[in-house]
Chemist: 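This is the structure I want to talk about, given as structure tokens.
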Amino acid sequence: MLCACSGEQFKFEEPASQSPESLATRDFSASGLSSITGNLDWESKLEDAQVDEAESTLKEALSLNYEEARALLGRLEYQRGNFDAALQVFQGIDIRTLSSRMSNAIAERTQPRKSRSKGENVLAAGMSLHSVSLLLEAILLKAKSLEELGRIKEAARECKMILDIVESAFPYGIRESINEDFKLVEMFHKALELLPKLWIQSGFPDEAITAYRRALVKPWYMDPQRLAKVQKDLAALLLYGGVETSLPSQFKAWGLAFPSNNMEESILLLFVLMRRILYGEIEWDPEVMDHLTFALTISGQFESLADHVEQVLPGTYNRAERWYFLALCYSAAGQYETALNLLKKVSGSSEAKCKPHLASFMLGAKLCAEDPKQARQGINFARRVIDVSINQNEHLLGQAHKFLGVCYGNAARMSISDSERILFHRESLNSLNHASSIGTKDPEIKFNLGLENAIQRNLASAFDNAMVYSDMMATGSERGWKLLALILSAEQRLKDAEAIVDLALDESGSIHQLELLRLKAVLQIAQEQPKQAIETYRILLSLIQAQREHFEKNTNYEALAERKLEEESWLDLAGLYSDLKSWHDAAICIDKAKLTEMFSHRCWHTTAKLFEVQAKYKEAVIALSVSLSIEPDYVPSIVSTAEVLLKMGHQSLPIARSFLMNALRLEPTNHDAWFKLGLIYKMEGSMQQAVDCFQAAHELKLSDPVQSF
């Protein structure tokens with residue numbers, strides 16, 4: 001306690017369960033004045049005498065002034081846990097009248113010796129740095145006493161006084177030459193850390209943010225780990241505090257580096273922390289990565305997050321966790337192939353002896369379920385999840401069977417073998433039904449079960465599952481309504497399908513509403529209502545034009561979807577005008593579509609159909625060749641090529657048959673391909689085969705939706 005008077009360093013002590021006698025004995029010994037304290041009964045004086053008597057005793061024994069005596073006495077009371085008594089003692093110190101003297105003393109006595117004049121070296125009337133440190137400690141202990149007593153706002157104001165005093169002495173920050181172990185600097189650093197916490201406790205997050213910025217904006221030479229904690233806490237408060245506070249105007253001199261909102265400022269702080277971690281300046285802190293993950297995810301900067309994950313030093317995450325984390329980042333960024341390649345490493349031979357990473361297998365199954373080309377890999381991922389989670393977690397087991405069923409369905413549609421296709425279709429329904437029996441509360445299972453049944457033309461079961469899905473979705477679902485409408489159209493209930501679309505239009509928004517409008521127009525065409533269909537397309541294209549600017553300001557996905565929908569709408573109109581023999585209007589619509597996407601296989605297919613109805617067969621073949629060069633497996637172009645070849649003469653029958661067989665290999669439910677194949681068999685005199693083809697075409701047409709499922 002008396003080290004300040006003896007010229008030695010002392011340390012700030014938290015309240016401890018020590019007797020006042022032991023504290024006094026320790027402090028007196030440190031100052032070399034144990035002979036004086038031996039004659040004083042400190043315990044009886046502190047317990048029985050009033051504050052004024054104890055203060056008088058300290059002043060007489062140690063030659064202290066009024067404020068120093070109270071600071072020492074208050075410190076002793078604080079260490080004993082007598083916060084009320086400590087506060088009573090500290091309130092007797094009028095810091096406001098001393099603050100200017102304290103600031104002057106700090107500024108003068110911390111100047112480099114070479115810069116001082118001879119007159120400045122003699123500061124007889126000035127305060128010593130030990131006295132200033134003692135008083136700063138008194139203010140800090142007063143603030144902590146108020147905090148312990150629940151008077152948080154007052155505590156914050158007291159703590160702020162320390163910052164004001166020291167910052168007045170060091171307006172440009174603390175000089176690096178000042179000893180970091182200096183007691184005054186230590187008190188100041190403690191106040192820098194305490195003040196924002198007090199403002200948070202008192203319910204003033206905006207003041208807390210200001211206090212954090214105050215601690216960071218100038219070089220106060222805090223310990224790197226403590227400085228990192230201040231930066232991390234500020235970033236967390238900016239992210240989760242719920243208060244938007246702009247930086248002061250004087251920081252705008254930073255130019256383009258000036259953060260415009262809380263999110264940008266927090267990300268900037270977290271970037272700084274990650275860089276310091278990578279350079280070994282501070283220890284690894286998983287909370288920094290957690291905050292950065294949240295911030296970049298909310299901002300949609302998934303690739304930047306992946307870059308930071310890749311920069312993390314080896315050993316921080318195990319290999320499976322790192323690959324899984326990166327796969328999440330890249331899949332969110334739309335780089336599904338990169339994500340799948342990472343997940344394949346987790347299931348590779350290098351990890352065979354490690355514990356199976358269930359989350360990676362599940363993510364792999366989910367991503368593969370969304371890409372038909374990866375269906376077989378998805379089956380492997382889903383099987384791995386089932387093997388790991390069997391008899392353990394029914395929810396994961398249900399999800400694995402759901403993805404397995406979807407992947408089997410996609411694999412069936414990609415298969416070129418009839419027997420394999422039949423097997424995959426059966427396994428798809430079995431897996432989805434099994435998932436439905438486990439996860440009865442998951443609407444996605446019902447949707448996928450309805451979709452798979454619809455694709456396999458089990459329309460009654462498809463309708464039931466689609467209805468269950470719609471009932472399970474509290475506010476409805478655009479894709480659920482769309483599936484219902486398509487199922488009804490496949491049952492040739494076109495009026496009911498249009499009514500479902502009208503109902504869905506009232507509940508949907510943005511891009512989904514536009515897709516439903518297009519479906520409504522297609523249904524009107526199927527009902528031979530060309531005028532109503534043209535009007536619907538007019539409304540659709542007007543909405544697309546009006547919302548274009550809105551979509552450009554949103555995600556790339558929405559912008560691409562809007563462009564694709566505009567192209568499809570123009571091509572639908574071109575087909576409608578072509579059927580009405582309004583060929584000039586059809587050509588205008590095709591040109592509009594090509595302005596949206598020149599190298600579109602459907603654009604060239606529609607162009608070919610326009611040439612075909614005008615009996616320009618050579619031009620039609622050229623256009624179809626362009627379409628198939630862009631997308632070799634586009635079934636409508638394959639069927640149209642066969643149709644044009646049939647019209648060009650009997651010598652092309654074998655080539656036309658090969659095109660149709662290829663189309664049926666890719667899409668066995670294409671009724672148009674079956675019908676054209678029947679025509680070829682009829683021309684060749686194979687009547688029984690022709691009858692079979694016509695029968696298949698008729699049955700498939702009766703269950704054909706207006707758009708593919």
Chemist: Salt-bridged, Arg214 to Glu193, with N to O below 4.0 Å?
Modeler: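 No, Arg214 and Glu193 are not salt-bridged.
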Chemist: So, applying side-chain contact (heavy atoms from CB on, under 4.5 Å) with Trp220, which one of Leu227, Val230, Leu163, Leu192 is it?
Modeler: Leu192
Chemist: Got a donor-acceptor contact below 3.5 angstrom from the Ser266 side chain to the Leu239 backbone?
Modeler: no
Chemist: Quick one: side chains of residues 310-317, donor-acceptor pairs under 3.5 Å with protein atoms, not counting sequence neighbours, listed by atom name and distance.
Modeler:
residue : atom : partner : partner atom : Å
Glu310  : OE2  : Tyr330  : OH           : 2.9
Thr316  : OG1  : Leu313  : O            : 3.0

Chemist: Just by modelled atom types, is the Asn261 backbone N or O under 3.5 Å from a matching donor or acceptor in the Glu265 side chain?
Modeler: no
Chemist: For His291, what residues pass the side chain to side chain donor-acceptor pair (under 3.5 Å) criterion, not counting sequence neighbours?
Modeler: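 Scan of His291 (side chain to side chain donor-acceptor pair (under 3.5 Å), adjacent residues dropped) gives Tyr240.
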Chemist: Answer yes if the side chains of Ser128 and Ser131 hold a donor-acceptor pair under 3.5 Å, and no otherwise.
Modeler: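 On atom types as modelled, these side chains qualify, holding a pair under 3.5 Å.
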Chemist: What residues form a side-chain contact (heavy atoms from CB on, under 4.5 Å) with Ala211, not counting sequence neighbours?
Modeler: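 Result, side-chain contact (heavy atoms from CB on, under 4.5 Å) vs Ala211: Leu195, Pro196, Trp199.
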Chemist: Give a yes or no on whether a salt bridge exists between Glu148 and Lys144, defined as a side-chain N under 4.0 angstrom from a carboxylate O.
Modeler: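 The answer is no: the pair does not qualify as a salt bridge.
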Chemist: Would the number of heavy atoms belonging to other residues, nucleotides or ligands and lying under 6.0 Å from CD of Glu337 be above 12?
Modeler: no
Chemist: Answer whether the closest heavy-atom distance between the side chains of Asp285 and Lys229 falls below 4.5 Å.
Modeler: no
Chemist: Which residues pass the ring-ring contact (aromatic ring centres under 6.0 Å, His included) test with Tyr324, not counting sequence neighbours?
Modeler: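 With sequence neighbours excluded, Tyr324 shows a ring-ring contact (aromatic ring centres under 6.0 Å, His included) to His357, given in chain and number order.
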Chemist: Taking only residues two or more places apart in sequence or in another chain, which ones pass side chain to side chain donor-acceptor pair (under 3.5 Å) with Gln335?
Modeler: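 Only Glu303 meet the side chain to side chain donor-acceptor pair (under 3.5 Å) criterion with Gln335.
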Chemist: Working to the nearest 0.5 Å, report the span between CD of Glu283 and CZ of Arg276.
Modeler: 12.0 Å
Chemist: With heavy-atom distances below 4.5 Å as the criterion, would you say the side chains of Ile139 and Phe90 are in contact?
Modeler: no
Chemist: Could I get the full list of side chain to side chain donor-acceptor pair (under 3.5 Å) partners for Glu67, not counting sequence neighbours?
Modeler: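 Partners of Glu67 by the side chain to side chain donor-acceptor pair (under 3.5 Å) criterion come out as none, since no residue qualifies.
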Chemist: May I ask you to check whether Glu147 and Gln201 show a side-chain donor-acceptor distance below 3.5 Å?
Modeler: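 Yes - a donor-acceptor pair under 3.5 Å links their side chains.
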Chemist: Between CD of Gln301 and CG of Leu296, what distance do you get to the nearest 0.5 Å?
Modeler: 7.0 Å
Chemist: Run the salt bridge (charged side-chain N to carboxylate O under 4.0 Å, His left out) test on Lys218 and Glu167 for me, step by step, so that the C-alpha distance in whole Å, both residues' side-chain angles and the decisive distance to 0.1 Å come before the verdict.
Modeler: CA-CA 10 Å; Lys218 295 179 182 178; Glu167 193 169 5; 2.8 Å; yes
